[in-house]
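Shown next, in structure tokens, is the structure this report addresses.
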Amino acid sequence: MTMTRNWRPAAFKSLDGARGVIENSWELLDSVQQRVARVSLEDQGQEAGRWRWLVLVQPHGAPLGESGLCDTIDEARKICEQMVPDWTIARLPKGRRRPIW
């Protein structure tokens, strides 16, 4: 049985407090709701129409920042989920952990 991972639409909060969702962008969250990976559709340039994946942490939670491109969102999500096991919890420096919303 495969476990459903915690993917949600990527969100932003601007300096003036406005909040919103980033179109065609998804974030993988750990068990304490911290971002550990992201996939987004490239809409400009040579790679337009491809999905960029970005892994933000290593399996044991240390910052990483590895990225690449895939043809589909499912491929991109699969890579992220393979690189970030479901037991991963991001380790952020003290004072850097912020709520997503």
Side-chain angles (χ1 to χ4, degrees):
M1 180 171 111
T2 56
M3 184 176 145
T4 302
R5 300 294 296 271
N6 190 9
W7 286 97
R8 66 180 270 166
F12 69 88
K13 181 178 177 185
S14 66
L15 294 175
D16 64 358
R19 297 170 189 229
V21 173
I22 302 170
E23 189 175 336
N24 293 319
S25 187
W26 294 83
E27 296 173 332
L28 177 61
L29 306 179
D30 63 15
S31 61
V32 293
Q33 307 303 302
Q34 298 176 105
R35 298 174 189 99
V36 292
R38 174 180 275 184
V39 297
S40 59
L41 182 64
E42 293 289 317
D43 58 1
Q44 298 179 10
Q46 280 184 302
E47 304 300 340
R50 297 189 74 199
W51 287 86
R52 177 167 305 279
W53 55 267
L54 174 62
V55 175
L56 303 171
V57 299
Q58 296 175 8
H60 292 286
L64 181 59
E66 188 171 339
S67 70
L69 291 162
C70 292
D71 292 326
T72 68
I73 188 173
D74 292 331
E75 289 177 60
R77 283 184 175 187
K78 184 177 180 181
I79 290 170
C80 291
E81 290 176 359
Q82 287 174 341
M83 294 181 70
V84 182
D86 61 349
W87 46 264
T88 299
I89 295 178
R91 289 182 291 149
L92 299 175
K94 188 175 182 177
R96 293 282 311 275
R97 185 171 174 202
R98 296 173 297 196
I100 289 178
W101 288 100

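Index from 1, following the sequence. Computed from a prediction, not measured in an experiment: that's the story for all the values here.
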>> Please check if the number of heavy atoms outside E23 that lie under 6.0 Å from its CD is greater than 12.
In response: no
>> Measuring only between side-chain heavy atoms, which start at C-beta, is L28 closer than 4.5 Å to V36?
In response: yes
> Are W26 and S40 close enough that some pair of their side-chain heavy atoms sits under 4.5 Å apart?
Replying inline: no
> side chain to side chain contact (heavy atoms under 4.5 Å, CB included) with D43: which residues, sequence neighbours excluded?
Replying inline: none
Could you give the distance from [atom1] ([X]) to [atom2] ([Y]), rounded to the nearest 0.5 Å?
| X | Y | atom1 | atom2 | result |
| --- | --- | --- | --- | --- |
| R5 | K78 | CZ | NZ | 13.5 Å |
| T88 | M83 | OG1 | CE | 10.5 Å |
| I79 | W51 | CD1 | CH2 | 13.5 Å |

Taking all heavy atoms of [X] and all of [Y], pick out the closest pair and write down the distance.
| X | Y | value |
| --- | --- | --- |
| I22 | A11 | CD1-O, 4.1 Å |
| L64 | V57 | CB-C, 3.7 Å |
| W53 | V39 | CB-CG1, 4.0 Å |
| P63 | R91 | CD-O, 4.4 Å |

> Excluding sequence neighbours, so at least two apart, what forms salt bridge (charged side-chain N to carboxylate O under 4.0 Å, His left out) with R50?
Replying inline: E47, D71
> For residues 59-68, which residue pairs qualify under side-chain hydrogen bond (donor to acceptor under 3.5 Å, both in side chains), counting only residues two or more places apart or in two chains?
Replying inline: none
>> Under a 3.5 Å distance rule, please check whether Q34 uses its side chain to pair with a backbone N or O of A90 as donor and acceptor.
In response: yes
> Going through the checks in order, is the side chain to side chain donor-acceptor pair (under 3.5 Å) test met by D74 and T72?
Replying inline: CA-CA 5 Å; D74 292 331; T72 68; 5.3 Å; no
